[in-house]
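Numbering starts at 1 and runs along the sequence shown. All values derive from a computational prediction rather than experimental measurement.
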Amino acid sequence: MQAWQVHELGEPGEVMRLADVERLTPGAGQVLLRVRAANINFPDALMCRGQYQVRPPLPFTPGVEICGETEDGRRVIANPALPHGGFAEYAVADAAALLPAPDALDDAEAAALHIGYQTAWFALHRRARLEAGETLLVHAAAGGVGSAAVQLGKAAGATVIGVAGGAGKAAVARDLGCDVVIDRREQDVVAAVKEATGGRGADVIFDPVGGEAYTQSAKTVAFEGRIVIVGFASGAIPSPALNHALIKNYAVLGLHWGLYNTKNPKLVQHCHEQLTGLAARGAIKPLVSERVPLAGAADAVQRVADGVTTGRVTVLPSRENGAAA
C-alpha cells in the first residue's frame, strides 16, 4: 500500500515522502480500515515539525482523522492509531472508538466532521455554556475549526461575529452564516466588535489563534463573558493578565478535546449523536474547500500549515489503488 511518511522533522512539504509500505496488521482491539477520505488538521503540520503534544516515533504517517471503511463494508469516522496515520490507503484504529459516518455527509465531509466539530461543540456547549440569544465571536472564522464554530453557534441561536484575514476569507465567513464579518487586515477588530455589540462585547469568544487574537478577545469580552482557548495557530502563546480577568469579570477557559476520549468517552459519543442530528437536518455541513488525491497530500498539508486555505482540505486516496494494494 502507499503511505506518506515523515523520517525527519521539518516543514510538511519538505519532510513528507510518499512510499510503498507493507499493509498494516491490526493489533489487539484494533481494526483495519480502507481510507475513503483523510481530513487535514493543523496538528498534522505541527506533528511534522515536532511541535505537537503527541510525538509519534519516526518514521510516522500523519493524518489524525479519517472516514474509513471496515472489512465488512461499514462507513465509519476514526482517529487512526499513530504512528500509522490517515494519509495512506489503509489505516488501523481502535475498534471501540469508531463512530458511524452520517448518511447525510459524503466521505470528505464525514472525515471533516470529527475533530473540528467536536472541538467546537465542546468549547461552546460544554465549556462556555453558550445560550441562545448570546453573541459569539469566532476568530479565524473561515478556517477548519472556526467554520465549525460558526455553524454550531448559529445552530444554537447565537448572533455570530466572525473575524477573518482578507477579503476572500471574509466572504467565506459571510457565506457560512456570520451575522457580522470583520476583516482583521482592513478593520480594527476591537473597535468593530464594540460597534457591532453596542459597546457590550461578546458573551463567548472562540479562539484557535492565540497571539494578537487573544489580546483582542480580552478587550472585547462582555461582562460575565467566556473566552475559550482551543489552539495557537498564530504560533504565539499569550500570557493572560489575570488581574484583567478579575477587573472585567470574565472567564478564560481551556479546551483539550482529546482528553475526553479517555476521561469521558461517553460524552464524545453523545457529541457525535448531536452532530449527526444537526447534519441530518442541514444545520451543519463541513466546508470542504479542496479534495486532493493522495499524491497531493504533502503540498496540501503545507498550505494548511501556511494558513492560506479555508474550511477543510481533504485527501482522497484512489479506490483503484486501495483495492489493488
Flag, side chain of [X] to backbone of [Y], donor-acceptor distance under 3.5 Å:
X: D183; Y: G166; value: yes
X: W4; Y: L294; value: yes
X: D94; Y: A96; value: no
X: R127; Y: G254; value: yes
X: H139; Y: G210; value: no
X: T310; Y: K169; value: no
X: R17; Y: E14; value: yes
X: K248; Y: G225; value: no

If two hydrophobic side chains count as joined below 4.5 Å and joins carry through other members, does [X] share a cluster with [Y]?
X: V313; Y: Y117; answer: yes
X: I115; Y: L267; answer: yes
X: L176; Y: V181; answer: no
X: V138; Y: L275; answer: yes
X: V288; Y: I66; answer: no

Min side-chain heavy-atom separation [X]-[Y] under 4.5 Å:
X: V301; Y: P62; value: no
X: M47; Y: V6; value: no
X: V64; Y: D44; value: yes
X: L113; Y: H272; value: yes
X: H7; Y: L58; value: no
X: L33; Y: T70; value: yes
X: P26; Y: V31; value: no
X: P238; Y: T215; value: no

Could you tell me whether [X] atom [atom1] has more than 12 heavy atoms of other residues or ligands within 6.0 Å of it?
X: D103; atom1: CG; result: no
X: E22; atom1: CD; result: no
X: K194; atom1: NZ; result: no
X: E273; atom1: CD; result: yes

Exercise for review: Starting from the C-alpha separation in whole Å, work towards a yes-or-no answer on side chain to side chain contact (heavy atoms under 4.5 Å, CB included) for L152 and I284.
Suggested key: CA-CA 7 Å; L152 287 171; I284 62 173; 3.9 Å; yes

Give, for atom [atom1] of [X] and atom [atom2] of [Y], the distance between the pair rounded to the nearest 0.5 Å.
X: W257; Y: Q118; atom1: CH2; atom2: CD; result: 5.0 Å
X: L32; Y: R23; atom1: CG; atom2: CZ; result: 6.5 Å
X: E89; Y: Q2; atom1: CD; atom2: CD; result: 5.0 Å
X: R126; Y: H270; atom1: CZ; atom2: NE2; result: 9.0 Å
X: I77; Y: R36; atom1: CD1; atom2: CZ; result: 12.0 Å
X: D203; Y: E224; atom1: CG; atom2: CD; result: 9.5 Å

Review point. Salt bridge check: are E290 and R303 linked by an N-O gap of less than 4.0 Å?
Key: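 Judged by the 4.0 Å cut-off on N to carboxylate O distance, E290 and R303 do form a salt bridge.
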
Point to revise | Under-4.0 Å salt bridge between R49 and E11 | key: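 Salt bridge flag = yes for E11 with R49.
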
Search all heavy atoms of [X] against all heavy atoms of [Y] and return the closest pair with its distance.
X: A155; Y: A283; answer: CB-CB, 4.3 Å
X: A111; Y: C67; answer: CB-N, 3.6 Å
X: F206; Y: A123; answer: CE1-CB, 3.6 Å
X: A148; Y: G116; answer: CB-O, 3.9 Å
X: S147; Y: G144; answer: OG-O, 2.9 Å
X: A78; Y: A93; answer: CB-CB, 3.9 Å

Review point. Quick one: which of H114, E109, E65 gives a side chain to side chain donor-acceptor pair (under 3.5 Å) with N39?
Key: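 Looking at H114, E109, E65, the match for N39 under the side chain to side chain donor-acceptor pair (under 3.5 Å) is E65.
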
Review point. Linking Ile, Leu, Val, Met, Phe, Trp and Tyr through side-chain heavy atoms less than 4.5 Å apart, which residues share a cluster with I237?
Key: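 L137, I161, V163, V180, I182, V189, V193, I205, Y214, V221, I227, I229, F232, Y250, V252, which link up through side-chain heavy atoms under 4.5 Å apart, make up the rest of the cluster.
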
Review point. Parallel, tilted or perpendicular for Y260 and F122, by the 30°/60° rule?
Key: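 Plane angle between 30° and 60°, so tilted.
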
Exercise for review: Test side chain to side chain contact (heavy atoms under 4.5 Å, CB included) on Q53 and H256 and set out the steps.
Suggested key: CA-CA 11 Å; Q53 56 258 39; H256 180 183; 3.7 Å; yes

Exercise for review: Begin from the C-alpha positions of S234 and E212 and carry the test side chain to side chain contact (heavy atoms under 4.5 Å, CB included) through to its verdict.
Suggested key: CA-CA 8 Å; S234 68; E212 179 61 23; over 6 Å; no

Practice item. For a salt bridge (charged side-chain N to carboxylate O under 4.0 Å, His left out) with D106, tell me which candidate from R291, R75, K285 qualifies. Key: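 Of the listed residues R291, R75, K285, the salt bridge (charged side-chain N to carboxylate O under 4.0 Å, His left out) partner of D106 is R291.
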
Practice item. Check the pair H84 / Q30 against side chain to side chain contact (heavy atoms under 4.5 Å, CB included), numbers first and verdict last. Key: CA-CA 12 Å; H84 306 294; Q30 295 182 330; over 6 Å; no

